[in-house]
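Reading through the structure tokens given below for one structure.
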Protein chains: 2
Amino acid sequence: MTSYIDKINNYIKALDNETLTAFQSISSDKKYKKGDLLLRQNEICGKSYLLISGIARKYYLNDGKEITTELYFENDLAVSFSSYTLQQQSREFIEALTDVTVSITHYKAFQDAKTKYPKLLTLDLMLAEYYGMWVENRLFQFHTLTATERYLEILNKSPHIVQTIPLTIIASYLGITLETLSRIRAKI
Amino acid sequence: MTSYIDKINNYIKALDNETLTAFQSISSDKKYKKGDLLLRQNEICGKSYLLISGIARKYYLNDGKEITTELYFENDLAVSFSSYTLQQQSREFIEALTDVTVSITHYKAFQDAKTKYPKLLTLDLMLAEYYGMWVENRLFQFHTLTATERYLEILNKSPHIVQTIPLTIIASYLGITLETLSRIRAKI
DNA sequence: ATCATTATTTGACCTAAGTCAAATTTCTTG
DNA sequence: CAAGAAATTTGACTTAGGTCAAATAATGAT
């Protein structure tokens, strides 16, 4: 799976100048402050956010409680996948957990660019495939691992999450309560 | 989400003859008997299977127990997504639950065809997007719904599943035991 | 139809994780 | 640095769903 990110990065590196220039011409940088919302519930996700620096998350509300569904670090691409794909209202929020700098690409401009530059279409496919596999793997973990095992998985594979993100957020990301996470940590 | 299937179907209907012919030339029909495995664990998923008739499922083994991850009916596309995408060993099996007829397309041939016919590339993107949204929605349900609610969801949105699939399989698809599913059904 | 599988239900008990409440610890910010 | 706020831990108790075992259906092959 990590190797697929490498594949994507290599693909980007190998893009011809024309395609690259076209892509850069529809992207622009922007800064957000800690706590800012890049996307709100019920908005249509009309932009993609490539994290240049900082940390962000995606979450939704479930009877008033925030359930985090994805954490973003440098080089991660933040979007509400189904809102972006269908151009329908998002059930998710995207929030800056620290000050962040992002490279923004507009949905519409990217759609247009894809028709002119087939390599961007291939890139889009690779990104969609990566996301599909990522979610599939997450579902797999919910299906087969206990809360403790899921936490250990994060601890092993994504230690930066445990080091930088408040436990409340990690707990909801793992699908458990804050108290349970605290007890898991006390035990291991 | 259903509307996205419509969009994909409309896109296919609107394909030019050349693209369509190219696609058909790399696809062929095949029949399997109930119980046959279209894909085994540790094999590389080198083909996609479009169900023409019959029912199939995808599952994996977790300490010897079969966990069903997807159910396929007419017009559904059966593949092990990550094995197909990465061309790596599959952790999942694909099994015919009834006699089935499928239209098989080889991975390699499709990859080649995509470079010649960009519309197939767009089609592939749409299929990947659809799968991504489908898994995302399933994960969402695991994250927020109780076992009973997940069962009711199936009962409402996919009654054909309850009508045709053995409870053992439905239970594992819902991430619960057979006994719990039986009790849920007795209560409602 | 009958016997043998296979599928489903029911019972008794167990356990992982949730809930609610209170106590600490750790950050912030004046 | 101190006071307040936020984050985390701990305690007592509840509950959804799991486990193991046995009892009934329901199906299918002869």
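Throughout, a chain's letter reflects where its sequence line sits, starting with A, and its residues are numbered from 1. Side-chain atoms are counted along with the backbone in the values below, which use heavy atoms only and exclude waters and symmetry mates.
- B:Phe93 pairs by the ring pair (Phe, Tyr, Trp, His ring centres under 6.0 Å) definition with B:Tyr59, not counting sequence neighbours.
- Ion pair B:Glu66/B:Arg57 flagged as a salt bridge, since at least one NZ, NE, NH1 or NH2 atom sits closer than 4.0 Å to an Asp/Glu carboxylate oxygen.
- Two different hydrophobic clusters hold A:Leu38 and A:Leu61 under the rule that ILVMFWY side chains link at heavy-atom gaps under 4.5 Å.
- Rounded to whole angstrom, the span from the CD1 atom of A:Ile188 across to the C1' atom of D:dT9 amounts to 15 Å.
- B:Glu149 is linked by a salt bridge (charged side-chain N to carboxylate O under 4.0 Å, His left out) to nothing, counting only residues two or more places apart in sequence or in another chain.
- Axis angle across the helix from C:dA1-D:dT30 to C:dG30-D:dC1, with five pairs used at each end and values rounded to 10°: 50°.
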Under 3.5 Å between N/O atoms: give me all the protein pairs with nucleotides 15-19 of chain D, atom names plus distance.
{"residue": "D:dG17", "atom": "OP1", "partner": "B:Ala147", "partner atom": "N", "Å": "2.8"}
{"residue": "D:dG18", "atom": "OP2", "partner": "B:Thr177", "partner atom": "N", "Å": "3.2"}
{"residue": "D:dG18", "atom": "OP2", "partner": "B:Thr177", "partner atom": "OG1", "Å": "3.2"}
{"residue": "D:dG18", "atom": "OP2", "partner": "B:Thr180", "partner atom": "OG1", "Å": "2.6"}
{"residue": "D:dT19", "atom": "O4", "partner": "B:Arg183", "partner atom": "NH1", "Å": "3.4"}

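- Applying the ring-ring contact (aromatic ring centres under 6.0 Å, His included) test to residues at least two apart or on different chains, the pairs with a partner in residues 145-164 of chain A are A:Phe73-A:His160.
- In this structure, B:Arg138 is positioned above the aromatic face of B:Tyr173, its NZ or CZ under 6.0 Å from the six-membered ring centre and within 45° of the axis.
- Ring pair A:Phe140/B:Tyr60: centre-to-centre distance below 6.0 Å.
- Using the six-membered ring where Trp is involved, B:Tyr32 and B:Tyr49 have ring planes that are perpendicular, over 60° apart on the 30 and 60° scheme.
- Atom-to-atom distance recorded for B:Ile55:CD1 and B:Thr98:OG1 is 5.0 Å, nearest 0.5 angstrom.
- Per the geometry, CZ belonging to A:Arg185 stands 14 Å off P belonging to D:dA7, to the nearest Å.
- When DNA chain C is scanned in the 5' to 3' direction for atoms under 4.0 Å from non-hydrogen atoms of chain B, the outermost contacting nucleotides are C:dT8 to C:dA12.
- One finds a salt bridge joining B:Asp124 and B:Lys114 here, because a Lys/Arg side-chain nitrogen approaches an Asp/Glu carboxylate oxygen to under 4.0 Å.
- Between the C1' atom of D:dT8 and the CG atom of A:Leu167 lies a distance of 7 Å, rounded to the nearest Å.
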